[in-house]
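Input: a single structure, listed below in structure tokens.
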Amino acid sequence: MKGLIALVDCNNFYASCERVFRPWLHGLPLAVLSNNDGCVIARSQEVKDLGIAMGTPMHHLPREAFERGLVLCSSNYELYGDMSARVMATLREFTPHLEPYSIDESWLSFEGFDRAALPDHCQKLCGVVYKWTGIPVSVGAAPTRTLAKLANRHAKKHTATQGVFVIESANSPDTLALLERTPVSEVWGIGGRVTTRLYEMGIHTALDLARANPKWIRRRFSVVVERTARELAGTRCIDMNDAHDSKQMIMTSRSFGQMTADRHEVAEAVRAHAARGAEKLRRQRSLACALRVTVRTNRHMLHLPQDHDSITLALPRPTDNTFEIVRAAQRALQRLWKDRGIRYQKCGVQLMDLIEATGQQLDVFQPPQPTADREKSERLMSALDQLNGQYGRGTVTVGVQRQNAAWQLRSNHRSKRWSTRWDELPTVRLQ
DNA sequence: TCTGGGGTCCTAGGACCC
DNA sequence: TCTGGGGTCCTAGGACCC
């Protein structure tokens with residue numbers, strides 16, 4: 001008999017992070033905004049209770065919310081990233097088998113763990129995480145990941161569970177009843193498109209999907225939906241993948257603070273994204289073989305000329321060197337640029353065909369880079385990363401990066417980076 | 001005025017080969 | 001009027017997730 005797998009999920013993560021260092025925000029409706037203060041990407045319970053949906057544009061927020069004292073925060077990823085690392089470090093105290101899944105979720109394997117003792121163990125885990133980090137978490141445990149997601153959702157929704165819910169078996173009457181109460185649209189992996197089609201076939205609940213013939217599901221949908229169906233019925237199809245630490249593609253893109261038709265301004269943004277991408281590349285010790293630059297107009301402003309275009313270039317050799325990557329990105333933008341006064345809203349740089357930096361394949365047709373050159377490049381890049389790491393991103397940039405350029409982000413409500421910047425440390429006054 | 005960013009996986013279909 | 005079939009590889013795009 002296999003052990004259970006648990007999903008630990010931070011409650012209203014970004015909103016909870018904001019409250020750790022500003023406890024007076026507890027009880028107030030608090031929403032965190034996307035980049036450029038565009039739309040709501042995280043909500044405290046009070047905001048959910050006001051019926052404000054995820055993704056609501058800031059300018060559509062109802063006046064009633066402000067009357068109730070709504071607090072808006074620009075996203076502060078430096079803070080969230082650091083708080084996430086603290087939560088993960090705490091979780092590692094409870095099991096060596098931990099797989100971070102997103103900034104606020106982790107899978108924990110309890111292989112070989114006494115099932116009867118699991119609920120208490122998880123309850124203890126919640127308590128310690130809250131005490132050490134200030135972040136409330138919920139735990140769902142089950143034989144499969146899809147069921148663990150469901151268990152977690154149940155734990156969050158019902159206060160009687162005190163944040164922990166364990167599904168011991170996929171076939172118990174309690175589990176079947178839970179599946180029957182769960183609309184199929186709320187199952188992990190079932191999105192809007194698939195939901196519509198499932199409804200047409202008379203599949204409305206998680207239980208309907210669990211009982212459907214997997215072969216038939218595969219024929220009508222895909223292997224992905226088939227796996228979801230099997231997981232609901234208790235067969236593990238999605239496994240822990242500890243081998244998968246490094247990304248297969250690195251993407252850096254942003255909407256501009258304001259639209260711009262200025263080629264130099266877009267070039268500046270492309271340089272910044274390329275440099276940032278190269279940094280991420282070095283951090284996971286990969287080299288990129290190709291790169292894609294994308295530009296896009298504002299798709300909500302249909303009265304303006306629209307353009308959405310991208311160009312993919314092969315890099316002359318696999319590289320993680322900022323200068324080489326920036327140069328290639330500039331070249332791509334040059335080829336992409338249309339001199340028609342189109343106002344762009346967003347651009348991005350994608351680094352693709354990543355390979356491991358150590359296992360670099362030598363190209364028969366390319367002379368290998370001389371060792372001295374390579375070492376010089378590596379020293380330069382690590383100096384760059386160190387400076388930007390120590391003194392903050394943007395300390396050393398490639399080419400000019402003007403402050404207040406149109407493409408720079410708007411973030412008018414950002415809280416302090418209390419835990420990662422010396423000059424933003426909180427102060428405590430003793431009464 | 002104002003509508004996020006970064007990922008993964010899968011499938012269909014075209015190109016090409018024998 | 002007829003104009004193979006099967007395999008592989010690659011890419012674009014769909015769908016979903018957080």
Side-chain angles (χ1 to χ4, degrees), chain A residues 7 9-14 31-43 52-61 72-77 80-81 84 100-107 145-146 149 152-153 184-198 218-228 237-239 241 244-259 269 273 276-277 280-281 284 290 292 294 296-304 308-312 314 343 345-354 406 409-413:
Chain A
L7 177 71
D9 192 328
C10 301
N11 302 346
N12 313 325
F13 182 55
Y14 295 171
V32 178
L33 301 169
S34 64
N35 280 327
N36 281 320
D37 295 341
C39 54
V40 173
I41 54 166
R43 306 160 295 161
I52 294 171
M54 201 68 165
T56 305
M58 183 168 75
H59 60 278
H60 284 177
L61 287 170
L72 293 176
C73 300
S74 302
S75 32
N76 184 346
Y77 288 107
Y80 310 149
S84 170
Y101 175 62
S102 74
I103 194 164
D104 70 333
E105 285 169 285
S106 265
W107 299 105
R145 291 189 185 220
T146 307
K149 271 271 181 189
N152 189 287
R153 200 179 128 270
V184 73
S185 59
E186 290 184 17
V187 172
W188 183 50
I190 303 298
R193 301 299 181 98
V194 172
T195 297
T196 312
R197 288 172 54 203
L198 284 171
R218 178 179 195 145
R219 229 177 319 116
R220 305 299 295 267
F221 295 91
S222 66
V223 63
V224 184
V225 183
E226 180 199 0
R227 279 203 287 251
T228 300
C237 302
I238 309 171
D239 249 322
N241 56 343
H244 226 66
D245 287 346
S246 47
K247 316 246 180 271
Q248 301 172 25
M249 178 201 84
I250 287 173
M251 164 107 163
T252 315
S253 71
R254 290 278 180 290
S255 292
F256 304 145
Q258 288 158 39
M259 292 189 289
H273 295 332
R276 177 81 187 111
K280 294 184 193 169
L281 204 55
Q284 70 164 39
R292 171 183 292 158
T294 309
R296 196 177 86 188
T297 48
N298 187 331
R299 62 206 153 107
H300 299 287
M301 299 202 168
L302 294 172
H303 58 285
L304 294 175
H308 184 176
D309 206 354
S310 70
I311 277 191
T312 308
R343 298 172 68 203
Q345 162 72 18
K346 181 175 178 178
C347 70
V349 175
Q350 240 179 91
L351 298 172
M352 306 185 306
D353 300 346
L354 307 190
L409 287 181
R410 272 167 311 177
S411 87
N412 295 326
H413 312 277

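Reminder, nothing fancy here: chain letters follow the sequence lines and each chain counts from 1. Model, not experiment: these values are computed from the prediction.
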Answer with base, sugar-phosphate or nothing: what part of the nucleic acid does [X] contact at a heavy-atom distance below 4.0 Å?
{"X": "A:L33", "value": "nothing"}
{"X": "A:G348", "value": "nothing"}
{"X": "A:E105", "value": "sugar-phosphate"}
{"X": "A:R227", "value": "sugar-phosphate"}
{"X": "A:R292", "value": "sugar-phosphate"}
{"X": "A:S75", "value": "nothing"}
{"X": "A:M352", "value": "nothing"}
{"X": "A:I250", "value": "sugar-phosphate"}
{"X": "A:M251", "value": "sugar-phosphate"}
{"X": "A:Q345", "value": "sugar-phosphate"}
{"X": "A:D104", "value": "sugar-phosphate"}
{"X": "A:V187", "value": "sugar-phosphate"}

Taking the side chain from A:N298 and the backbone from A:H300, do they hold a donor-acceptor pair closer than 3.5 Å?
yes
If we ignore hydrogens and angles and just use 3.5 Å, is the side chain of A:S84 paired with the main-chain N or O of A:I103 as donor and acceptor?
yes
Between A:S255 and A:M259, which is nearer to the 5' end of DNA chain B once each is assigned its nearest nucleotide?
A:M259
5'-most contact on DNA chain B: A:V224 or A:H300, nearest heavy atom basis?
A:H300
Steps toward side-chain hydrogen bond (donor to acceptor under 3.5 Å, both in side chains) verdict (A:S74, A:D37)
CA-CA 6 Å; A:S74 302; A:D37 295 341; 2.7 Å; yes
Using side-chain hydrogen bond (donor to acceptor under 3.5 Å, both in side chains) as the criterion, list what pairs up with [X], not counting sequence neighbours.
{"X": "A:S34", "value": "none"}
{"X": "A:R292", "value": "A:T312"}
{"X": "A:R296", "value": "none"}

Outermost contacting nts on DNA chain C, any atom under 4.0 Å from chain A heavy atoms, listed 5' then 3', are C:dA12 to C:dC18
State which residues pass ring pair (Phe, Tyr, Trp, His ring centres under 6.0 Å) with A:Y80; sequence neighbours excluded, sorted by chain then number.
A:Y14, A:Y77
Runs of at least three Watson-Crick or G-U pairs with DNA chain B, cut-off 3.5 Å:
B:5-18 with C:5-18
Please state the P separation for the pair B:dC2 and C:dC18 - nearest whole angstrom.
31 Å
Please assess A:H308 against A:T297 for the test side chain to side chain contact (heavy atoms under 4.5 Å, CB included), listing each intermediate value before the final yes or no.
CA-CA 6 Å; A:H308 184 176; A:T297 48; 5.8 Å; no
Under 4.0 Å between a Lys/Arg side-chain N and an Asp/Glu carboxylate O for A:K149 and A:E105?
yes
Show your working on side chain to side chain contact (heavy atoms under 4.5 Å, CB included) between A:W107 and A:R145 and close with a plain yes or no.
CA-CA 8 Å; A:W107 299 105; A:R145 291 189 185 220; 3.0 Å; yes
